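Accompanying notes for the structure given below.
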Amino acid sequence: MDKISQALTNRGMTLDIINSVTQLESKRRSFLVTLEDMRHQRNVVSDEIAALKKSGGNADQFIQDMRVLSKQIKDTETELSNLETELDAIQYSLPNIPHESVPIGKDSAENPIIKKMGTPKIVDCEPLPHWTLGEQLGILDFERATKITGARFPLYFNAGARLERALINFMLDTHTQHHGYKETLPPFIVNRQSLTTTGQLPKFELDLFKLEQWEYYLVPTAEVPVTNIHYNEILDETQLPITYVAYTPCFRSEAGSYGRDTRGLIRQHQFNKVELVKLVAPETSYQELETLLQDAEKILQLLELPYQVVLLCTGDIGFSSAKTYDIEVWMPSQGVYREISSCSNFEAFQARRGSIRFRKQGKKGTDFVHTLNGSGLAVGRTFAAILENYQNKDGSVTIPTLLQPYMNGLQRIERP
RNA sequence: GGAGAGGUGGCCGAGCGGUUGAAGGCGCCGCUCUCGAAAAGCGGUAUCCUUUUAAAAAGAGGAUCGUGGGUUCGAAACCCACCCUCUCCGCCA
């Protein structure tokens with residue numbers, strides 16, 4: 001409990017929440033005990049009544065008494081379930097506890113840089129932002145997209161549409177053929193439970209697009225449908241680790257970020273992403289996080305894009321995560337590294353909420369699996385990074401070598 | 001959208017409202033038999049929670065037969081709503 005308190009304080013939370021949880025919990029337990037006693041009593045007497053009736057005796061007195069007891073049971077059940085609702089509400093709003101290797105800090109400024117890979121190409125001209133390049137090349141059209149929907153939706157044409165599709169295929173192929181992930185194509189609309197499992201609900205409802213007539217939401221990331229593939233299952237130890245790669249579009253309301261990244265592909269309401277998801281045995285999860293990170297990094301290496309890896313500190317780490325690495329790609333026009341992947345170990349946080357367990361060989365009972373996921377990669381941002389890092393003086397963009405086969409051999413996107 | 005059928009343990013499949021957590025079968029595990037295997041026989045084979053314990057094991061208790069409510073002293077069984085599956089008709093990519 002002390003560890004939890006400390007951890008929550010590091011996340012900038014107060015302690016009274018913890019106190020109220022402990023209080024409610026002990027109250028719940030005492031209700032449960034009396035309730036179970038009463039139910040036991042009911043079961044015993046019910047059997048007696050049955051026996052009496054069978055032997056032709058009179059059970060009227062028992063039935064009278066039971067009527068009263070039954071009423072009490074019902075009342076206690078109601079109180080208990082109210083209590084549990086209250087407890088759940090608090091518990092579902094508590095964030096995960098950061099792993100001990102996560103540095104303490106208050107915001108992203110305190111995230112240590114773990115490594116830097118690749119050197120930004122010196123472009124002998126002022127690098128153009130990708131939205132300018134995209135519009136000049138006739139492959140991106142943000143203005144027309146607003147007519148179709150509104151702000152922050154992408155519209156691709158020609159080699160741009162092709163490049164986006166090429167990236168998706170390239171990433172899926174790399175992860176399935178070289179990293180051993182199983183490809184899956186899940187639903188793009190999910191229910192409340194799935195979002196509760198992964199931690200988006202109940203706390204971050206405002207970040208989601210919700211369907212009007214249904215208790216359904218557009219996926220904010222493939223993490224949600226894919227992690228829930230094994231919702232409420234008991235797996236066998238021999239099945240682990242389970243690793244999935246999935247392409248989905250992602251839909252985010254981006255509430256509260258209205259002034260930021262208003263131009264370009266960086267912050268859109270809809271974007272494509274290839275996601276890696278793992279379900280693993282607890283004792284392996286931190287090794288698995290490292291290989292997950294490597295698998296995501298590999299894409300950037302193959303595309304020869306400069307990037308760095310940062311470790312998120314306690315003040316910046318996501319709600320559900322115990323440890324998160326961000327991969328940031330070099331964006332020449334802004335002269336900064338921008339997040340392109342986020343790789344996290346959730347330990348048992350999501351597994352507990354989604355009741356995803358496994359059975360150990362020769363051992364009684366079950367354990368929660370550990371879940372992990374990471375972008376491999378955010379496709380829209382990769383697209384932007386390629387445009388900016390591969391731009392030429394004449395405004396054309398070279399296609400990275402490994403992508404050319406996916407572009408029908410195209411080596412360069414030229415101005416029309 | 002219209003008409004019907006159904007959802008029971010790892011699987012198949014019984015189940016007049018009262019020792020049915022659930023028959024029977026299959027599968028799986030253990031044992032017996034065998035030089036070994038098969039066959040046969042015997043035994044076992046869900047999950048969660050509470051309580052007792054320093055803890056574990058074990059014990060005791062509660063819950064779970066799609067989900068949630070209701071009727072009843074008592075529900076897998078009766079009633080209602082919802083979800084899901086299947087069949088037929090219509091419509092549709």
Side-chain angles (χ1 to χ4, degrees), chain A residues 1-3 21-92 185-197 201-202 210-217 224-225 228-240 242 249 279 281-282 348-369:
Chain A
M1 210 64 200
D2 282 348
K3 255 174 89 178
V21 168
T22 16
Q23 259 180 29
L24 281 172
E25 180 54 32
S26 71
K27 202 165 153 194
R28 184 188 78 95
R29 202 157 304 178
S30 75
F31 267 86
L32 225 200
V33 172
T34 45
L35 179 64
E36 286 187 352
D37 278 352
M38 287 193 284
R39 290 212 268 230
H40 177 53
Q41 179 69 10
R42 180 185 65 188
N43 292 346
V44 168
V45 178
S46 281
D47 283 351
E48 282 175 35
I49 292 171
L52 265 175
K53 289 226 163 165
K54 207 165 244 173
S55 63
N58 187 317
D60 288 353
Q61 187 53 49
F62 281 132
I63 292 176
Q64 262 334 304
D65 296 346
M66 280 301 97
R67 216 163 263 166
V68 178
L69 182 65
S70 226
K71 177 85 173 68
Q72 284 177 342
I73 289 175
K74 219 153 265 181
D75 292 346
T76 314
E77 278 171 345
T78 314
E79 286 182 77
L80 183 69
S81 95
N82 287 343
L83 212 57
E84 278 172 346
T85 310
E86 205 179 330
L87 251 171
D88 281 354
I90 298 172
Q91 280 171 343
Y92 279 132
L185 185 61
F188 299 163
I189 292 176
V190 293
N191 60 28
R192 284 194 68 88
Q193 176 55 55
S194 293
L195 287 155
T196 305
T197 300
L201 288 181
K210 186 178 186 223
L211 270 57
E212 186 82 46
Q213 315 261 355
W214 301 68
E215 282 295 303
Y216 289 163
Y217 300 78
V224 180
N228 280 283
I229 288 172
H230 297 288
Y231 170 74
N232 199 223
E233 283 187 25
I234 298 170
L235 304 161
D236 195 274
E237 187 179 26
T238 55
Q239 292 175 263
L240 303 178
I242 297 174
L279 309 185
F349 184 85
Q350 297 179 328
R352 215 175 290 121
R353 294 161 73 109
S355 189
I356 308 171
R357 294 168 289 171
F358 74 102
R359 204 190 306 279
K360 274 193 178 155
Q361 297 285 299
K363 238 190 98 183
K364 262 195 130 167
T366 56
D367 255 324
F368 290 112
V369 300

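Predicted, not measured: the structure shown is a model, and the values here were computed from it. Within every chain, numbering begins at 1; the chains are lettered A, B, ... in the order of the sequence lines, protein sequences first and strands thereafter.
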Whole-angstrom distance between [N] and [M], as gauged at atom [atom1]:
N	M	atom1	result
B/A58	B/U64	P	24 Å
B/C80	B/U71	P	15 Å
B/C16	B/C78	C1'	13 Å
B/G62	B/G66	C1'	22 Å
B/U8	B/A60	P	30 Å
B/G25	B/G43	P	12 Å
B/U47	B/A57	P	13 Å
B/G17	B/G70	C1'	15 Å

key: Closest-nucleotide 5' rank along RNA chain B - winner of A/Ile49 and A/Arg359   = A/Arg359
ask   = More 5' along RNA chain B: A/Ala50 or A/Val33, using each one's nearest nucleotide?
value = A/Ala50
inquiry  = Expected output is a numbered-order residue list: members of residues 69-85 of chain A with a heavy atom under 4.0 Å from any atom of RNA chain B. What is it?
reply    = A/Ser70, A/Lys74
note = Its 5'-most and 3'-most nucleotides having an atom under 4.0 Å from a non-hydrogen atom of chain A, RNA chain B is contacted over B/G18 to B/G74
Runs of at least three consecutive pairs that involve RNA chain B, where pairs are Watson-Crick or G-U with distances under 3.5 Å = B:1-7 with B:83-89, B:10-12 with B:24-26, B:27-32 with B:40-45, B:46-51 with B:59-64, B:66-70 with B:78-82
